[in-house]
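What follows is a single structure, written as structure tokens, with notes after it.
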Amino acid sequence: MAIERTLSIIKPDATKRNLTGAINARFEESGLAIVAQKRLHLTRAQAEAFYAVHAQRSFYGELCAYMCSGPVVVQVLQGESAVTRHREILGATNPANAAPKTIRKDFGVSVQENSAHGSDSPTEAQREISFFFAQTEIVG
Ligand code: UDP
Ligand code: MG
């Protein structure tokens, strides 16, 4: 067990429905601390670069358009086993398959509009955090 950092994004479907606080309460109640945070409207280029790993997937174009469709809140979460813990709190990608009491089960609209993003590994977390934040913007 170790203290880790991971990237969280509250997606446009959730900011649009005023769910930022409700989602962040889940993280804080679970012992994850928000150590960096900003509200952004992603450009298409930013969305494409962030999700470049999915460039060959059929949903890539629609995903990038959706991620630019409204404000997002990007943030760094810190805590014990934060990468895995965060993914557990989010639930499965498709809200229909997500476990009870997870964020995607309770707030997700569809497999695309699933309310929040979480890094899937420590390596990916490092890339995603540095995509949005300078070290000086992360205050643990
Ligand atoms: N996504 C989608 N259709 C799919 C699978 C994924 O629109 O069939 C979207 C969804 O918003 C998801 C994101 O693409 O969160 C990234 O997909 P990934 O497989 O990495 O899921 P995640 O890691 O977010 O659970
Ligand atoms: Mg993923």
Side-chain angles (χ1 to χ4, degrees):
M1 302 276 271
I3 300 294
E4 295 175 344
R5 287 177 172 172
T6 190
L7 188 84
S8 154
I9 306 179
I10 300 178
K11 295 185 178 184
D13 72 271
T15 60
K16 187 171 68 186
R17 288 178 291 146
N18 236 5
L19 292 171
T20 299
I23 290 172
N24 279 337
R26 305 281 181 105
F27 299 140
E28 294 189 331
E29 283 160 8
S30 305
L32 295 175
I34 301 165
V35 296
Q37 187 179 58
K38 54 189 155 190
R39 185 175 174 94
L40 301 172
H41 198 136
L42 297 183
T43 64
R44 179 78 187 207
Q46 279 178 305
E48 288 178 355
F50 182 79
Y51 278 118
V53 65
H54 291 315
Q56 303 310 317
R57 308 286 290 276
S58 58
F59 59 79
Y60 179 64
E62 281 191 10
L63 170 62
C64 294
Y66 156 64
M67 290 299 288
C68 304
S69 68
V72 297
V73 178
V74 297
Q75 44 195 21
V76 178
L77 305 182
Q78 178 175 294
E80 195 72 53
S81 304
V83 175
T84 308
R85 185 84 194 95
H86 181 207
R87 296 281 300 194
E88 287 169 359
I89 298 164
L90 287 178
T93 306
N94 187 341
N97 302 328
K101 298 185 179 173
T102 58
I103 287 169
R104 285 166 167 175
K105 182 67 167 187
D106 289 348
F107 302 126
V109 177
S110 67
V111 66
Q112 176 177 273
E113 299 193 14
N114 59 4
S115 300
H117 164 87
S119 312
D120 68 4
S121 68
T123 306
E124 193 58 12
Q126 278 197 332
R127 181 192 76 84
E128 293 182 357
I129 290 168
S130 59
F131 187 91
F132 287 113
F133 294 96
Q135 278 304 317
T136 50
E137 295 177 303
I138 305 171
V139 184

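We count ligands from 1, going down the list as the structure has it; atoms in each ligand are counted the same way.
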Min N/O separation [X] to ligand 1 under 3.5 Å:
X      : answer
Gln112 : yes
Arg57  : no
His54  : yes
Tyr51  : no
Glu113 : no

Using the six-membered ring of Phe133, assess whether NZ or CZ of Lys38 lies under 6.0 Å from its centre and within 45 degrees of the ring axis.
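Satisfied, under 6.0 Å and within 45°.
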
For [atom], what is the nearest protein heavy atom, given as residue, atom name and distance?
atom                    : value
atom 10 (C) of ligand 1 : Val111 O, 3.2 Å
atom 9 (C) of ligand 1  : Leu63 CD1, 3.8 Å
atom 5 (C) of ligand 1  : Phe59 CE2, 3.4 Å
atom 25 (O) of ligand 1 : Thr93 OG1, 2.5 Å
atom 24 (O) of ligand 1 : Arg104 NH2, 3.0 Å

[Y] reachable from [X] in the ILVMFWY side-chain graph, under 4.5 Å edges:
X      : Y     : answer
Ile103 : Val72 : no
Tyr51  : Leu42 : yes
Val74  : Ile10 : no
Tyr60  : Met67 : yes

Please name all residues satisfying ring pair (Phe, Tyr, Trp, His ring centres under 6.0 Å) with Phe59, sequence neighbours left out, ordered by chain then number.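 Testing Phe59 for ring pair (Phe, Tyr, Trp, His ring centres under 6.0 Å), a comparison that skips the adjacent residues, returns His54.
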
Say whether Asp120 and ligand 1 are in contact under the criterion: heavy-atom distance to a ligand atom below 4.0 Å.
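For ligand 1, residue contact (heavy atoms, under 4.0 Å) with Asp120 is absent.
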
Is ligand 1 less than 4.0 angstrom away from at least one heavy atom of Glu124? no

Honestly, for Arg87 the part within reach of ligand 1 (heavy atoms, under 4.0 Å) is side chain

Logged contact type for Asn114 with ligand 1, heavy-atom cut-off 4.0 Å, is side chain

For the pair Phe132 and Phe50, name the ring-plane relationship: parallel under 30°, tilted 30 to 60°, perpendicular over 60°.
->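 Taking Phe50 first and then Phe132, their aromatic rings sit tilted (interplane angle of 30° to 60°).
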
Exercise. Which atom pair, heavy atoms only, marks the closest approach of Arg5 to Ala125?
Worked result: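 Answer, listing the atom of Arg5 first, then Ala125: O-CB, 3.6 Å.
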
Quick note, side-chain hydrogen bond (donor to acceptor under 3.5 Å, both in side chains) partners involving residues 95-112, not counting sequence neighbours, are Arg26-Asp106

